[in-house]
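Just so it is clear, the model here is predicted, and its values are computed rather than measured. No hydrogens, no waters, no symmetry mates; every other heavy atom, side chains included, goes into these values. Every chain is numbered from 1 and lettered A, B, ... according to where its sequence line falls, protein lines coming before strand lines.
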Protein chains: 2
Amino acid sequence: MFTSYFIKHMTYTKATAFSPEQQEVARIAKVLSHPARIAILQHLAEAKTCISGDISSALPLSRTTVSQHLTELKNAGLIKGEIDGLTVCYCIDQETYDKARQLLEGMLAAIKSSCCTDTCC
Amino acid sequence: MFTSYFIKHMTYTKATAFSPEQQEVARIAKVLSHPARIAILQHLAEAKTCISGDISSALPLSRTTVSQHLTELKNAGLIKGEIDGLTVCYCIDQETYDKARQLLEGMLAAIKSSCCTDTCC
DNA sequence: GAAGTATGACGTAAACATACGACATGGTGT
DNA sequence: ACACCATGTCGTATGTTTACGTCATACTTC
């Protein structure tokens, strides 16, 4: 790609320079990095029945914005939605969710301060 | 605030409309939402001694950009840095880190698909 | 004090994220 | 066919993040 020679600031492109695991963890964290998406996940978990699109009525956001967040959650595989006539049933995709959770928690568990015995910090 | 009456699109402001816990979880996830910050945390965890600012040499990023990520991690309280003469010692702030980890994992554990028995999904 | 080195702060450009109104789509019911 | 309803898509305005070069600061060493 000769074009890359002319790119001055490779904004946002450096993410690909890290390990696949680091990218994957960051990707999962990004999905969880907005309170609305946390709220949606919690709402779906609490709901006893499949929830249609009136999730927006339970949130301080417009239907359009909620739909956008739902799309992101769906793209990440954390939830799945199937059309049921007039409404769409959104549910947590437990399989993908558990995998994502496992990957994230595994990374978090591996982070442990190994320095700072007494000389510094 | 009368000014709010004139704000057409309240971009990015709706985050405050969610619960403090949802905001906090999202804030933690946001810090972890970039592979560079994951890499920095892992690097600090693996390092046996306190690491100075040459973290950038271990990463595919410029020193300036790494410094920016370090600042974000520091603002979040996940790491701490103390000046030691010419260099700065960056370490994981185990106490804050553990709290953040606990909050995040607690939220993740509470998410469980409760619908979709057989009728849908 | 001057030179050298390591660091953070400032400024800037490009890409992305957020939020919403308006429109298009597609099934329901009359 | 027609109106109705719930949903997704598109366009747009605004704010935030990412990435880097350049400068200012501060400590060390000669």
Side-chain angles (χ1 to χ4, degrees), chain A residues 3-4 6-18 22-23 26-27 29-40 50-76 79-90, chain B residues 3-4 6-18 22-23 26-27 29-40 50-57 59-76 79-90 120:
Chain A
T3 53
S4 60
F6 303 100
I7 298 172
K8 201 174 178 182
H9 292 254
M10 296 187 285
T11 318
Y12 270 73
T13 61
K14 285 301 181 64
T16 54
F18 295 91
Q22 288 164 344
Q23 291 183 50
R27 200 180 63 83
K30 196 168 209 168
V31 179
L32 304 173
S33 71
H34 197 283
R37 290 191 285 271
I38 303 287
I40 288 172
C50 269
I51 280 293
S52 75
D54 55 4
I55 303 173
S56 58
S57 64
L59 298 178
L61 292 171
S62 77
R63 198 186 54 75
T64 314
T65 306
V66 171
S67 178
Q68 220 167 308
H69 285 304
L70 283 168
T71 304
E72 263 187 85
L73 287 165
K74 203 172 174 183
N75 286 339
I79 65 172
K80 55 185 174 181
E82 293 201 358
I83 297 167
D84 179 34
L86 203 66
T87 59
V88 175
C89 154
Y90 278 114
Chain B
T3 52
S4 59
F6 302 101
I7 296 173
K8 199 174 177 184
H9 291 255
M10 297 188 282
T11 317
Y12 271 72
T13 61
K14 285 301 180 64
T16 55
F18 295 91
Q22 288 165 343
Q23 290 183 51
R27 201 181 62 84
K30 196 168 209 167
V31 181
L32 304 174
S33 72
H34 197 284
R37 292 193 284 273
I38 303 289
I40 288 172
C50 269
I51 281 291
S52 74
D54 54 4
I55 304 173
S56 57
S57 63
L59 296 178
L61 293 171
S62 78
R63 197 188 56 75
T64 315
T65 306
V66 171
S67 177
Q68 220 166 311
H69 284 304
L70 282 167
T71 304
E72 263 186 87
L73 287 164
K74 202 173 175 182
N75 285 340
I79 65 171
K80 55 186 174 181
E82 293 199 356
I83 296 165
D84 178 33
L86 204 66
T87 58
V88 175
C89 156
Y90 278 113
C120 71

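- One can place CZ of A:Arg37 at 4 Å from P of C:dT18, the figure rounded to the nearest angstrom.
- To the nearest 0.5 Å, the span separating CD1 on B:Ile38 from CG on B:Leu73 amounts to 9.0 Å.
- No contact: A:Ile83 has no heavy atom under 4.0 Å from any strand.
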Check step by step if side-chain hydrogen bond (donor to acceptor under 3.5 Å, both in side chains) holds for B:Ser62 and B:Thr65.
CA-CA 5 Å; B:Ser62 78; B:Thr65 306; 3.1 Å; yes
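- When the P atom of C:dG8 is taken as reference, atom NZ of B:Lys80 falls 17 Å away, rounded to whole Å.
- Taking 4.5 Å as the limit, some side-chain heavy atom of A:Glu72 sits within range of a side-chain heavy atom of A:Arg37.
- The distance from atom CD of A:Glu72 to atom P of C:dC16 is 13 Å, rounded to the nearest whole Å.
- One interatomic measurement links the two molecules: CG of A:Asp84 to P of C:dG27, which rounds to 13 Å at whole-angstrom precision.
- Closest to the A:Lys30 side chain, of the nucleotides C:dC16, D:dA19, C:dA19, is C:dC16.
- For A:Thr65, no side-chain nitrogen or oxygen approaches OP1 or OP2 of C:dA19 to under 4.0 Å.
- At a threshold of 4.5 Å between non-hydrogen side-chain atoms, the residues A:Tyr90 and A:Glu82 do not count as touching.
- Per the geometry, NE2 belonging to B:His69 stands 17 Å off P belonging to C:dT7, to the nearest Å.
- By the 4.5 Å heavy-atom criterion applied to side chains, B:His69 and B:Leu61 are counted as neighbours.
- Atom NE2 of A:His34 and atom P of D:dG15 are 15 Å apart (whole Å).
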Reading nucleotides 1-8 of chain D from 5' to 3' and marking B where a protein heavy atom lies under 4.0 Å of the base, S where only the sugar-phosphate is that close, and - otherwise, the string is -----SBB
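- Using a 4.5 Å heavy-atom threshold, the side chains of A:Asn75 and A:Thr71 count as touching.
- One can place CG of A:Leu61 at 13 Å from C1' of C:dA17, the figure rounded to the nearest angstrom.
- Note that CD1 of B:Ile55 is 6.0 Å distant from CD1 of B:Ile40, once rounded to the nearest 0.5 Å.
- In this structure, CG of B:Leu73 is placed 12 Å from P of C:dG8, rounded to the nearest angstrom.
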